[in-house]
Amino acid sequence: MSYNDHIFEQFAKVYFLGQCIRFHRAEFLDVFVNHIPEGVAHFGKRLVSYCQSSTASPVHLAFADGSAATCDVLVGADGIKSSIRAQLYSAAAKMHEDPSLLRYIHPVWTGTIAYRGLIPVQDIPRGKDGSVHRTVVAPMMYCGKNKHVVSYSISQGDIVNVVTFASELEKHGQIYSGEWVTECEQRELLDCYRGWEPEVEQLLKCIKKPSRWAIHHLRPLPFYHKDNIVLIGDAVCSCLPFTTKNSDIS
Ligand SMILES: Cc1cc2nc3c(=O)[nH]c(=O)nc-3n(C[C@H](O)[C@H](O)[C@H](O)COP(=O)(O)OP(=O)(O)OC[C@H]3O[C@@H](n4cnc5c(N)ncnc54)[C@H](O)[C@@H]3O)c2cc1C
């Protein structure tokens, strides 16, 4: 299959009721952080473990830097590799003498690899007629068999965010042995989408140093909290990113 086979078709145009707002996540988080009163949040802390002598007593937190704290409710928003989920499920497995609960601790590889890159808008070549790439003005999704490419502008139009997904469905559930997130050569990305339409190639060629993400998800958890320990976000419900619901619920 190649571009010359004329198999590339626009098959859908999506309209949003209201507006679709796109933003750079780091900038979005900065807005929150800049408005938190001083002393309320403590950054750069790594939770190692928690303990609680009874449900009526405070939860004791131990951090990697040797510091400690207590809280009434511990909300585990510590992502897909959540150490709070690991501790919660280890304790439950022990208490109920049910080792099957341990399988909820470790995420499962979906068989999908994502490549990501951010491109300054001015780096994207214009068409022969001087027109800008379509993704600069509208979010785009290019679909192929078991692969797709999503691109849209962020940072008030200064940057284009590109995320590509390539799935080998038969690999779902296998152990992914390497690092989950690494840099990779541009060649690997271009090879993965060889023969895709020129619009895609133009974008991918602008990503000089892509990152490669092994996409994992969680088995549906049987419980999300125990007494005053609760899990939220990817710690409890991490699905494939293109279901787009993840950060909505995080
Ligand atoms: C390639 C890719 C593309 C995606 N695209 C989209 C998208 O387009 N739309 C969408 O809705 N979602 C998308 N997602 C999913 C989205 O990124 C997640 O759902 C979201 O980031 C989850 O937020 P979270 O706060 O639960 O976890 P995270 O964002 O993982 O944050 C967890 C935080 O906890 C911290 N932490 C971890 N362990 C500890 C510890 N022991 N002590 C203290 N802190 C700790 C981490 O440092 C981190 O800051 C994508 C994901 C991937 C991988």
Side-chain angles (χ1 to χ4, degrees), residues 25-26 28-29 32-33 36 40-114 116 163 165 167-169 171-182 211-250:
R25 192 182 308 202
F28 182 67
L29 289 177
F32 282 115
V33 170
I36 298 175
V40 171
H42 303 271
F43 297 102
K45 295 273 176 190
R46 194 110 205 128
L47 185 76
V48 177
S49 63
Y50 68 83
C51 66
Q52 192 180 24
S53 48
S54 77
T55 51
S57 59
V59 185
H60 292 266
L61 310 174
F63 295 98
D65 61 4
S67 61
T70 56
C71 60
D72 296 327
V73 176
L74 173 59
V75 179
D78 51 348
I80 190 169
K81 293 181 179 172
S82 171
S83 65
I84 299 175
R85 184 182 70 246
Q87 206 181 321
L88 193 65
Y89 272 78
S90 297
K94 208 167 166 186
M95 179 189 280
H96 301 292
E97 296 181 358
D98 180 1
S100 73
L101 289 172
L102 297 174
R103 72 180 188 277
Y104 298 106
I105 292 177
H106 296 292
V108 177
W109 184 37
T110 57
T112 296
I113 293 290
R116 304 180 86 174
V163 191
F165 296 93
S167 302
E168 293 178 88
L169 304 178
K171 292 191 176 168
H172 179 271
Q174 289 183 10
I175 304 282
Y176 188 83
S177 49
E179 289 281 316
W180 287 16
V181 184
T182 53
S211 56
R212 183 207 301 121
W213 298 59
I215 303 297
H216 287 69
H217 71 163
L218 290 178
R219 296 182 173 90
L221 300 189
F223 60 90
Y224 297 177
H225 74 96
K226 170 94 177 62
D227 304 321
N228 34 5
I229 319 292
V230 59
L231 301 170
I232 62 166
D234 271 16
V236 71
C237 178
S238 178
C239 337
L240 282 163
F242 39 87
T243 59
T244 71
K245 72 173 195 195
N246 297 18
S247 45
D248 303 346
I249 57 171
S250 298

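A distance-only check finds a donor-acceptor pair linking the side chain of Ser82 to the backbone of Ile84 [under 3.5 Å]. No donor-acceptor pair under 3.5 Å is formed between the side chain of Gln52 and the backbone N or O of Pro58. Of the possible polar contacts, none joining the Arg212 side chain to the Ala114 backbone as a donor-acceptor pair under 3.5 Å is found.
Checking Asn228, Leu88, Asp227, Ile229 one by one against Leu74, the side chain to side chain contact (heavy atoms under 4.5 Å, CB included) holds for a single residue, Ile229. Considering Leu231, Asp78, Asp234 as possible partners of Arg85, the one that fulfils the side chain to side chain contact (heavy atoms under 4.5 Å, CB included) test is Leu231.
Taking every heavy atom of both residues into account, Leu218 and Tyr104 meet most closely at CD2-O, 4.5 Å. In this structure, Ala214 and Ile113 approach most closely via the heavy-atom pair CA-CD1, 3.9 Å. In terms of heavy atoms, Leu101 sits closest to Pro222 at CD2-CG, 4.1 Å.
For His172 and Trp109, the ring centers sit 6.0 Å or farther from each other.
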- Task: Might you work through the side-chain contact (heavy atoms from CB on, under 4.5 Å) test for Phe43 and Val33, ending with a clear yes or no?
- Result: CA-CA 10 Å; Phe43 297 102; Val33 170; 4.0 Å; yes
- Decide yes or no on side-chain contact (heavy atoms from CB on, under 4.5 Å) for Trp180 and Lys81, but give the supporting numbers first. CA-CA 11 Å; Trp180 287 16; Lys81 293 181 179 172; 3.4 Å; yes
- Candidate pair Leu61 and Cys71, rule side-chain contact (heavy atoms from CB on, under 4.5 Å), full reasoning: CA-CA 8 Å; Leu61 310 174; Cys71 60; 4.1 Å; yes
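Considering only residues two or more places apart in sequence or on other chains, Thr70 meets the side-chain hydrogen bond (donor to acceptor under 3.5 Å, both in side chains) condition with none of them. Applying the side-chain hydrogen bond (donor to acceptor under 3.5 Å, both in side chains) test to Asp98 and every residue at least two apart in sequence or in another chain returns Ser100. Listed by chain and residue number, Phe23, Phe32 satisfy the ring-ring contact (aromatic ring centres under 6.0 Å, His included) test with Phe28 (two or more places apart in sequence, or in another chain).
Looking at Arg116 and Ser211, their side chains never bring a donor and an acceptor atom within 3.5 Å of each other.
The number of heavy atoms from other shown groups lying within 6.0 Å of NE2 (His225) does not exceed 12.
Taking a cutoff of 4.0 Å between a charged side-chain nitrogen and a carboxylate oxygen, Asp65 and Arg46 do not qualify as a salt bridge.
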